[in-house]
Every structure is written in structure tokens, then in C-alpha cells.
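Structure, as C-alpha cells:
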Number of protein chains: 2
Amino acid sequence: MDHHTRAPTKGLREGSPLKRRAILDAARVLFVAEGFERTSVDAVALRANVSKRTVYDYYGGKSTLLVRVVEEVGQALMDSIHLAIRAHLGDEASLTGSRELEAALIAFALQVASSTIESSDYAAFVKLVSTEGSHLTEMSGHSLADAPENAIAERLAYFAREGLLEVTNANRAADHFVALSFALVINNGGVFGKPSVPDTTETITEGVRAFFRAYSAR
Amino acid sequence: MDHHTRAPTKGLREGSPLKRRAILDAARVLFVAEGFERTSVDAVALRANVSKRTVYDYYGGKSTLLVRVVEEVGQALMDSIHLAIRAHLGDEASLTGSRELEAALIAFALQVASSTIESSDYAAFVKLVSTEGSHLTEMSGHSLADAPENAIAERLAYFAREGLLEVTNANRAADHFVALSFALVINNGGVFGKPSVPDTTETITEGVRAFFRAYSAR
DNA sequence: GTGACACTACACCGTGTAGTGTAATAAATA
DNA sequence: TATTTATTACACTACACGGTGTAGTGTCAC
């Protein structure tokens with residue numbers, strides 16, 4: 001894993017890793033909870049038990065703080081997905097039958113959902129990115145956007161090659177998979193912000209089942 | 001800023017319907033394009049060719065303006081959906097075969113998408129609501145949230161009764177329908193804000209096809 | 001001690017912006 | 001024409017917030 005190693009802005013202080021963490025954590029929580037615009041730098045400093053000046057000395061300003069937060073959470077999501085793929089959808093997995101594959105897909109989606117989405121209001125974070133994303137033109141890791149879906153698409157193509165799925169367009173299939181599982185959990189029950197909060201496990205399970213009905217090789 | 005929030009119908013001026021429209025239209029366009037926070041009341045007044053004072057005389061303030069905009073667009077969406085349902089999924093429609101139903105579902109989704117979603121960046125509007133929605137606790141018409149999905153669920157249940165679909169939970173099926181069609185168009189290609197902009201028609205068509213594969217009675 | 005450094009506390013600036021008060025003016029109405 | 005009403009133009013308040021400069025304090029190494 002390559003780290004920054006770069007000088008994005010000048011005259012920043014290195015400081016203690018603990019304070020860096022505290023600031024970044026505070027920023028993430030507040031951005032997610034209140035939104036980027038509504039979160040003041042003072043509030044971040046207060047929550048991190050750090051002076052406002054230190055926030056500016058560590059990170060260059062509010063916008064860079066947002067960039068760092070997005071980078072970090074995006075990376076966490078990607079790691080989580082790759083981990084879950086290795087755990088349930090790897091090449092060596094003995095997914096010989098249709099039932100096994102369905103179960104594996106469900107397990108995969110459940111693991112990703114529980115490890116990242118549910119924790120710390122990941123849902124709100126995605127909204128944050130898609131909303132405040134206009135401030136993120138300078139995202140170093142655009143990999144954030146494509147990587148997850150690409151990874152899933154690659155696996156689906158693999159299972160298609162194995163004769164377990166019927167997939168003509170892997171990327172679209174991946175979009176459908178995400179739409180039926182994670183997306184449903186994130187914006188709860190549809191695009192029109194419903195208030196109902198059904199069981200995440202059930203939502204994911206049924207979503208993946210529907211995906212499987214649509215894409216399994218008969 | 002924690003003052004009042006209470007003066008919905010008190011001391012407001014009636015004024016001319018034209019100016020009301022102009023103000024509301026300007027607010028809608030700017031809120032959608034720039035976001036609620038980033039839009040100043042001055043900008044709204046400027047765009048509506050009206051003095052800022054008039055904006056405050058007509059509507060009570062910025063937040064009420066947002067509420068009115070959300071109410072209106074939500075209503076437009078609902079009307080559009082009901083219209084499309086009547087046009088393609090009505091009881092009297094001669095949907096005897098499986099192929100006809102699939103085609104009708106596609107036509108329905110395409111009509112809703114083209115009449116509301118594409119026009120005037122409805123996508124951005126949905127994001128606006130889901131983001132600034134915390135300011136909308138006092139939404140008079142909560143019908144905005146439930147109605148669309150409920151209407152779709154009702155139709156799906158009907159087709160299930162007719163033996164054309166296999167649906168155990170109509171509401172969940174409706175969620176899946178929306179997720180595979182409108183939601184995919186709105187947040188383009190997945191939850192992780194992809195930059196790609198494929199054809200809306202193709203996205204909708206393929207999404208509904210996938211839905212049909214998952215829910216058609218074999 | 002002395003210096004180098006990290007950090008805080010705090011005052012401060014500039015700016016953007018919600019919201020109000022009011023005088024002047026245009027338009028409708030009597 | 002006189003009066004009332006709608007609307008504008010504009011000044012003005014209040015305030016939140018991003019960002020900076022700086023004085024002072026604690027800490028550690030030499």
C-alpha cells in the first residue's frame with residue numbers, strides 16, 4: 001500500500017499520528033452526520049480535542065480534510081470488498097452447484113454490508129460523496145468510484161465462464177447486483193427516502209436472490 | 001438562525017400568481033443545480049426578476065421555499081407515475097402474455113424516466129431531498145415518500161394475481177423494480193458515483209428486463 | 001539553561017448571507 | 001385626481017464561518 005509521500009500543500013506539520021487520527025475521525029463523523037457544509041472547522045477541532053489551529057497545521061484546510069476522509073473511507077470499502085471476495089467468491093472456492101453460488105453471493109453481500117455499510121453510517125457517507133462530490137475534482141484515487149463495481153463485475157464474468165451464470169454484460173450485471181443489495185440498504189427502500197427500516201440481512205438476502213433469479217444459468 | 005421557523009401563513013402576501021411561479025421556479029432550478037445551502041436568496045430573487053424583499057413577502061424564508069419546492073416536485077413525480085401507470089399498466093390493458101407484460105413494464109419505466117427524471121435534473125433533486133431532507137421534518141405531504149413505490153407495488157400485486165408474475169412480497173418487488181430502473185439512472189451506474197453516462201433508455205430497458213427475469217412466472 | 005518544536009488559546013479579518021426596515025415609485029382603484 | 005396597494009431599491013443588522021497571526025506554554029534533547 002503506497003502512502004501519500006506527497007506534498008499537496010506546503011508548510012504542513014507532521015505531528016503525532018494520534019492527533020491526525022483524532023482529527024480525521026472527528027471530521028468523518030461530523031461530515032457524515034451533519035454534512036460537509038454544515039460542519040464547521042471549529043466543530044471538528046472541538047470534537048478532536050485539538051485547537052483549530054492544529055487542524056489547519058495538519059491538513060491544509062476544510063476541503064483537503066474532506067478529500068482525506070473520502071480517500072480513507074473509499075479505501076476501507078475497497079479493502080472490505082476484496083476481502084469478502086477472497087472469502088466467498090475466490091477461484092479456489094468449490095462453487096460447483098447453483099445453490100452454492102447463490103449462498104456464496106449472499107454471504108459475500110452480507111459480509112460487505114455488515115463490515116462497512118452498517119458501521120458508522122456508511123450510508124450517509126455515500127450520500128455525502130455524491131452530493132459534495134463536486135468539491136472532489138482532485139480526487140487522487142478515482143479508483144474509489146470504479147474499483148468496487150469492477151471487482152464484482154470480474155467475479156460475475158468468471159462465474160459466467162464457469163457456466164453458473166448467464167451474463168452478457170458483466171458491468172451491467174454488477175450494477176444490478178449492487179442496486180439490488182447495497183444500494184437498497186444505503187438509500188433505504190428506494191430512491192424516495194422512505195422512513196421504513198427493515199432488516200438489513202433480509203433486504204440483502206432477498207435482493208441477491210432476485211439477482212440470482214435474473215442471472216442464473218437455467 | 002434558531003429563530004422562529006414558524007410563520008407559514010402569517011403575514012405573507014398573496015401577490016400575483018406569475019411572480020409566485022417565477023420565484024418557485026427559480027428556487028427549484030437553483031436548488032437543484034447548486035444545492036440548497038449554496039443557493040442564496042439573492043440569487044433566487046435575481047433569477048426570478050423580483051426583489052429579495054418580495055421573496056420574503058411571498059414565502060416566509062429560505063426553508064419554507066425549500067419545502068414548497070419539494071412538495072411541488074414530489075407531486076409532479078407522483079402525477080407522472082400515475083399517468084404512466086394508466087397508460088401502460090392499467091387494468092383494462094390487454095396484457096395477456098408474458099412478452100406483453102415485459103414490454104409494458106419497459107414502456108412504463110421509460111415514460112416515467114423521460115417525463116420526470118431526465119427533465120431538469122431530477123436526479124440532482126432526489127439527492128437534494130435525501131441530503132437536505134433533515135430540514136424537511138415538517139413535510140406536509142409525506143405521501144411523497146411512499147406513494148410512488150406503493151403505486152408500483154399495487155400494480156405488481158395485480159399482475160401476480162393475474163398469474164403473470166411470481167411475487168411473494170409486493171413492496172419488496174417494487175423496491176427491486178425501482179432499484180433496477182430509476183435508481184440506476186438517478187445515481188448513474190451504482191452507488192459509488194461513477195462518471196460514465198450510458199444511454200438512459202438502455203439502462204432502463206435492461207434493468208426492467210432483469211427484473212422481469214427475476215419475477216416473471218415461469 | 002537554551003533552543004527547537006508541538007500545541008493551544010484567542011483575537012482578529014474578510015466575507016457571505018439570512019433577514020428586516022423603510023423610503024421611493026409604479027400601478028391599480030376610488 | 002387622490003388614495004391605496006404592490007413592488008422595488010437599498011441600507012443595515014446580526015452572525016456564522018473559513019482562515020491567519022501570534023503570544024505563550026509544555027516538552028524534550030543537548
Round to the nearest Å and state the distance from [X] atom [atom1] to [N] atom [atom2].
| X | N | atom1 | atom2 | value |
| --- | --- | --- | --- | --- |
| A/Leu46 | D/dC17 | CG | C1' | 15 Å |
| B/Lys62 | C/dG16 | NZ | P | 15 Å |
| A/Phe36 | D/dA16 | CZ | P | 19 Å |
| B/Leu30 | C/dT17 | CG | P | 12 Å |
| B/Glu34 | C/dT17 | CD | C1' | 15 Å |
| B/Asp42 | D/dA9 | CG | P | 12 Å |
| A/Leu65 | D/dC17 | CG | P | 16 Å |

*In the 5'-to-3' direction, what one-character label does each nucleotide of nucleotides 5-15 of chain C receive under the scheme B = base within less than 4.0 Å of a protein heavy atom, S = sugar-phosphate only, - = no such atom?*
-SBBB------
Indicate yes or no: does [X] engage [Y] in a salt bridge with an N to O separation below 4.0 Å.
| X | Y | value |
| --- | --- | --- |
| A/Arg172 | A/Asp175 | no |
| B/Arg47 | B/Asp42 | no |
| A/Asp91 | A/Arg155 | yes |

*asked:* So B/Ile23 and B/Leu65, do their side chains get closer than 4.5 Å, heavy atoms only?
replied: yes
*For A/Arg21, look at atom CZ and say whether over 12 heavy atoms of other residues, nucleotides or ligands are found less than 6.0 Å away.*
yes
*In this structure, which one of B/Val178, B/Leu89, B/Val112, B/Asn171 forms a side-chain contact (heavy atoms from CB on, under 4.5 Å) with B/Ile152?*
B/Val178
